[in-house]
Number of protein chains: 4
Amino acid sequence: MITIDTSGFIPIYEQIKKGIKSEVSLGVLKPNQALPSIRDLAAELVVNPNTVARAYRELELEGFISTRKGKASLVAENSSALIEKEKTRLIEEVIDRAISEARKFGLNSSEIKKIVESRLKNQERRSEGVGK
Amino acid sequence: MITIDTSGFIPIYEQIKKGIKSEVSLGVLKPNQALPSIRDLAAELVVNPNTVARAYRELELEGFISTRKGKASLVAENSSALIEKEKTRLIEEVIDRAISEARKFGLNSSEIKKIVESRLKNQERRSEGVGK
Amino acid sequence: MITIDTSGFIPIYEQIKKGIKSEVSLGVLKPNQALPSIRDLAAELVVNPNTVARAYRELELEGFISTRKGKASLVAENSSALIEKEKTRLIEEVIDRAISEARKFGLNSSEIKKIVESRLKNQERRSEGVGK
Amino acid sequence: MITIDTSGFIPIYEQIKKGIKSEVSLGVLKPNQALPSIRDLAAELVVNPNTVARAYRELELEGFISTRKGKASLVAENSSALIEKEKTRLIEEVIDRAISEARKFGLNSSEIKKIVESRLKNQERRSEGVGK
DNA sequence: GTGGTCTAGACCACC
DNA sequence: GTGGTCTAGACCACA
């Protein structure tokens, strides 16, 4: 489910954190449900277990999951609520960043809208084609 | 002109590179025009000269500027053409990233479009308010 | 393997780059093989790690090696092909420079050929003598 | 007569020094003959006068030319002898460097000889074509 | 342990 | 004054 981009500057553990949050937000992971073990997820993402461990650790610090030694980590009871609050912020943040980036290159609002629409269509077409 | 975000994950030298490219793209910097000296720009951005030097060095390797010892760095003759090519790539990249981020949280195309439009308006209103 | 000439005008990082390229070209380093770590190579060459880091960074930008944080740098999959292209260019460049240098001092083609041959023999004799 | 390569790492003043030496060696400049003024040569080479001044200064230190304030610099009486000694050394040095460069990339003596011959022919053809 | 970024500060080559 | 190279050493991200 989670996809890792190793080429960029965004740390892998941040990408994992965001991935878990998005899965909770989507209902793929539900409160009190067990998360994949650190080893399993690390194997799946082809990533060092320490990296997954760090993502889990920080998610726990932020209250999204709870971990106990020797037992699987659980999605926190109130994680949905927490994430719902974060969700808007996260999305607006990334969209704001994209917009300001485009503006830096001199695009105005309507031009930005056009590109967004064309990229949205572009991606839809691609994902239909792949059929996944 | 260039603003540095020291909080994030994007290296300062990358932000400087992007800043210069956007200024060339906007026509603030024109081909054969002198760039600010490394020391000056470093002072302006409150950053170490080496960091600016790295940005300039990489911009030269990529062909956007030309530097000679003892002389100011110049925007390359063909930089506009080079950057025009990059511009589209850079903008689409950042917009694609924002879109995929939003999709991860379960938003569909029309929802994304709505948020984009609302953020665009939001920013317009703010910049009008500031009047700058 | 790599020898650094600190006396000349050629930057150390350039000498390191050329050294790595020649080792790939010779097959001492093979695609997907790990390069010596920055710190190790720096210690071996008695050079600052930053200098080696710069060489590695530029080699990566040029596509000869690939690096990931926390992992050793690897010789790129397609490095052999890339370097084969560079090899001819590099050698012709240095030979052209030597020839034009000799011509500046009034030597004609056959005189240059003679000197080249005598230097070639000279070196062979020396390397035989050393027996290494 | 002297050609300057601004792209490489070899300092311009070194190229000028070598150029003067080669002209003395070729007899273009003769002992006791006046050298071009710093300003004139600088203008001709499109180079900063300070750079030419440095070349002249070092040539004087090495005994190849003599300068007196307010008067043109002169080729030293014994410059030919001095340069004849240097000439062999300079040429062998640059040829040795080219050879060792080629060897680094795995070429053997006969391969190097072939490249040298082909480059020699290549240059002859080009200079005939240009007719200069 | 690895590589990546940044700072501070030195020295050089050139204008 | 300019940019270029190098060192020394800190801190971070990742394995």
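Excluded from the calculations below are hydrogen atoms, water molecules and symmetry mates; all remaining heavy atoms, backbone and side chain alike, are included.
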* Asked: Among all residues two or more places apart in sequence or in another chain, which pass the side-chain hydrogen bond (donor to acceptor under 3.5 Å, both in side chains) test with Glu60(B)?
  -> Thr67(B)
* Asked: Who are the side chain to side chain contact (heavy atoms under 4.5 Å, CB included) partners of Glu101(C), not counting sequence neighbours?
  -> Lys104(C), Lys18(D), Val94(D)
* **Partners passing side chain to side chain contact (heavy atoms under 4.5 Å, CB included) against Lys87(A) (at least two apart in sequence or in another chain)** => Ser25(A), Glu84(A), Ile91(A), Phe105(B), Leu107(B)
* Excluding sequence neighbours, so at least two apart, what forms salt bridge (charged side-chain N to carboxylate O under 4.0 Å, His left out) with Glu86(A)? -> Lys21(A), Arg89(A)
* **Structure string for DNA chain E in dot-bracket form, Watson-Crick and G-U at under 3.5 Å, | interchain** => ||||||||||||||.
* Asked: Reading nucleotides 2-8 of chain F 5' to 3', which nucleotides get B (base under 4.0 Å from a protein heavy atom), which S (sugar-phosphate only), which -?
  -> BBSBBBB
* Asked: What integer distance in Å separates Glu58(A):CD from dC12(F):C1'?
  -> 13 Å
* Hey, could you give me each pair passing side chain to side chain donor-acceptor pair (under 3.5 Å) that has a residue in residues 39-54 of chain B? Not counting sequence neighbours. => Tyr13(B)-Arg54(B), Arg54(B)-Glu58(B)
* Partner residues of Ser66(D) under the side-chain hydrogen bond (donor to acceptor under 3.5 Å, both in side chains) criterion, sequence neighbours left out -> none
Which atom pairs, one a donor and one an acceptor, fall under 3.5 Å between side chains of residues 68-79 of chain C and the rest of the protein, sequence neighbours left out?
{"from": "Glu77(C)", "atom 1": "OE1", "to": "Asn32(C)", "atom 2": "ND2", "distance (Å)": "3.0"}
{"from": "Glu77(C)", "atom 1": "OE2", "to": "Asn32(C)", "atom 2": "ND2", "distance (Å)": "3.3"}
{"from": "Ser79(C)", "atom 1": "OG", "to": "Ala76(C)", "atom 2": "O", "distance (Å)": "2.9"}

* Asked: What closest approach, in Å, do Ile10(C) and Arg97(D) show between heavy atoms, and which atom pair accounts for it?
  -> CD1-NH1, 4.4 Å
